[in-house]
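Only one structure is covered here, and it is reproduced in the block below.
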Amino acid sequence: MTMPLPSSPRAFFVGSGIAAMSAAVLLIRDAGWRGRDIRILEELPVVGGALDGSGDAIGGFLTRGGRMWTEEAYVCLWDVLASVPAAGDRSRSVKDAVWAFNAEVLTDAGARLIDGEHRILDASALGFDLHDRLDLVRLLVTPERLLGTRRIDDWFAPHFFETNFWALWRTTFAFQNWHSAVELRRYMLRFLQEFPRIHTLGGVRRTPLNQYDSVVRPMQEWLAQHGVVFELASRVLDADFAEEGGGRRIERLHGERAGRPFAIDLARDDKVFLTLGSMTADASRGGHDRAATLVREPLEGAWTLWKRL
Ligand SMILES: Cc1cc2nc3c(=O)[nH]c(=O)nc-3n(C[C@H](O)[C@H](O)[C@H](O)COP(=O)(O)OP(=O)(O)OC[C@H]3O[C@@H](n4cnc5c(N)ncnc54)[C@H](O)[C@@H]3O)c2cc1C
């Protein structure tokens with residue numbers, strides 16, 4: 001039986017990563033939505049997506065990624081976190097707590113590059129020649145449509161890949177030589193300010209606790225206090241679309257909770273925000289004596305929904 005649709009618009013978020021939670025904060029804070037009209041559907045038993053952090057001294061600790069936030073590049077996120085009270089100290093915001101922590105505990109890596117004999121190398125000279133510099137500037141000023149599908153190693157001469165800069169940059173941002181030149185350009189435009197301090201990672205900002213406890217938990221608490229409903233272990237598997245006025249509108253979400261199917265009918269004014277896929281979907285854990293399982297076929301709902309759409 002289909003339930004009658006409510007009259008005030010509702011917002012549904014599929015996924016509870018930093019993107020969805022930030023958007024929910026902004027809906028309430030800046031767009032004046034009521035928290036109780038917002039529902040967040042998450043397939044995992046915990047919110048936060050890739051910003052995780054858990055474990056104990058016996059079973060081991062888990063953080064599936066270490067994010068290096070900078071003050072200059074994360075302007076929108078800091079703006080959101082300026083409104084969320086910090087964990088354990090409600091008199092200040094998450095932003096203030098993180099910034100204060102970093103003013104006290106500076107990132108100053110002393111061994112960014114080592115040689116084959118495990119000796120620390122001086123990485124302060126980036127090692128560019130004139131040709132590398134020209135290629136770099138040319139990359140920054142070339143529009144994406146002209147770069148097309150070019151790879152990084154299509155763009156730069158062999159010398160570039162031997163520079164300290166490339167060893168530092170690729171190990172900071174996880175680039176391979178065959179990755180897309182467009183992607184490299186985007187990162188360079190966003191993180192240009194890191195060039196003079198990339199050999200110490202001096203621009204990196206850390207959170208006082210792991211990122212789940214320092215950022216995700218306070219956001220979840222703030223949203224819950226405003227009435228937002230979190231539906232965990234709820235996997236969205238598909239969406240029905242209606243053709244309308246030259247566009248498309250989602251009219252139903254299909255999912256599964258505790259092995260049972262569910263459907264959500266959407267009214268015309270309802271909003272749906274889908275996080276498609278997740279960098280940490282299908283992550284598996286290894287140990288000192290056990291390799292992580294190599295997952296060749298996507299298993300989690302994150303990719304099921306993406307494939308179906
Ligand atoms: C190893 C690693 C290092 C990183 N380093 C950095 C860094 O230095 N700096 C930086 O800025 N970023 C870094 N990132 C990236 C950053 O962590 C992610 O970009 C960010 O956390 C993504 O947030 P999100 O909300 O878009 O998605 P996610 O965090 O992936 O959240 C998506 C959520 O949606 C859920 N979901 C998806 N589909 C469904 C569905 N169909 N039904 C129900 N739930 C669903 C997932 O379970 C997940 O919880 C790193 C990531 C990794 C993995």
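When a ligand or atom number is given, it counts from 1 through the structure's own listing order.
Residues Asp79 and Arg29 are paired through a salt bridge, judged by an N-O separation under 4.0 Å between the basic side chain and the carboxylate.
In this structure, of Met68, Arg235, Glu231, the residue bringing a heavy atom nearest to atom 8 (O) of ligand 1 is Met68. Closest heavy-atom approach to atom 11 (O) of ligand 1 within the set Tyr74, Phe13, Trp69: this belongs to Tyr74. If you check each of Arg190, Glu42, Met279 against atom 48 (C) of ligand 1, the one with the closest non-hydrogen atom is Glu42. When the heavy-atom distances from atom 43 (C) of ligand 1 to Arg67, Glu43, Gln211 are ranked, the shortest goes to Glu43. In this comparison of Gly255, Ala239, Ala50, the heavy atom closest to atom 29 (O) of ligand 1 sits on Ala50. Looking at Gly48, Ser234, Gly17, Gly15, it is Gly15 that brings a heavy atom closest to atom 36 (N) of ligand 1.
Within the 4.5 Å cutoff, the side chain of Trp166 has no heavy atoms near those of the Asp132 side chain.
Close approach to Thr280 involves these atoms of ligand 1, each under 4.0 Å from a residue heavy atom: 53 (C). Set against the non-hydrogen atoms of Thr275, the atoms of ligand 1 under 4.0 Å away are 27 (O), 32 (C), 37 (C), 38 (N). Within ligand 1, the atoms closer than 4.0 Å to a non-hydrogen atom of Gly49 are 29 (O), 31 (O), 48 (C), 49 (O), numbered from 1 in the order shown. Atoms of ligand 1 lying under 4.0 Å from any heavy atom of Ser16, numbered from 1 in the order shown and given with element: 33 (C), 34 (O). Applying the 4.0 Å criterion to heavy atoms of Ser278 picks out, from ligand 1, the atoms 28 (P), 30 (O).
Other residues, nucleotides and ligands contribute only 12 or fewer heavy atoms inside 6.0 Å of the NE2 atom of His131. Around atom CZ of Arg138, more than 12 heavy atoms belonging to other residues, nucleotides or ligands sit under 6.0 Å away.
Relative to the six-membered ring of Trp99, Arg92 misses at least one condition, a distance below 6.0 Å or an angle of at most 45° to the axis.
Taking any N or O of Val236, backbone or side chain, at least one lies under 3.5 Å from an N or O belonging to ligand 1. Remark: ligand 1 and Leu305 share no N or O pair separated by less than 3.5 Å (distance only, no angle test). Of the polar atoms of Ala19, at least one N or O is found under 3.5 Å from an N or O of ligand 1, judged by distance alone. Residue Ala20 has no nitrogen or oxygen atom sitting less than 3.5 Å from a nitrogen or oxygen atom of ligand 1, judged on distance alone. Looking at ligand 1, you won't find any N or O of Leu44 less than 3.5 Å from one of its N or O atoms.
Below 30°, between 30° and 60°, or above 60°: for Trp69 and Trp78 the angle between ring planes is above 60°, a perpendicular geometry. Note on ring orientation: taking the six-membered ring where Trp is involved, the planes of Phe161 and Phe156 are perpendicular (angle over 60°, cut-offs 30° and 60°).
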Item to check | Working for side chain to side chain contact (heavy atoms under 4.5 Å, CB included), residues Phe13 and Ile38 | outcome: CA-CA 8 Å; Phe13 287 90; Ile38 301 174; 3.7 Å; yes
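Phe241 and Val272 fall within the same hydrophobic cluster, where Ile, Leu, Val, Met, Phe, Trp and Tyr residues are linked whenever their side-chain heavy atoms come under 4.5 Å apart, directly or through other members.
When each of Trp169, Phe195, Phe173 is checked for a ring pair (Phe, Tyr, Trp, His ring centres under 6.0 Å) with Tyr187, only Phe173 meets the rule.
Counting only N and O atoms by type, the side chains of Thr172 and Arg112 include a donor and acceptor under 3.5 Å apart.
Contact annotation: for Leu274 versus ligand 1, there are no heavy atoms closer than 4.0 Å.
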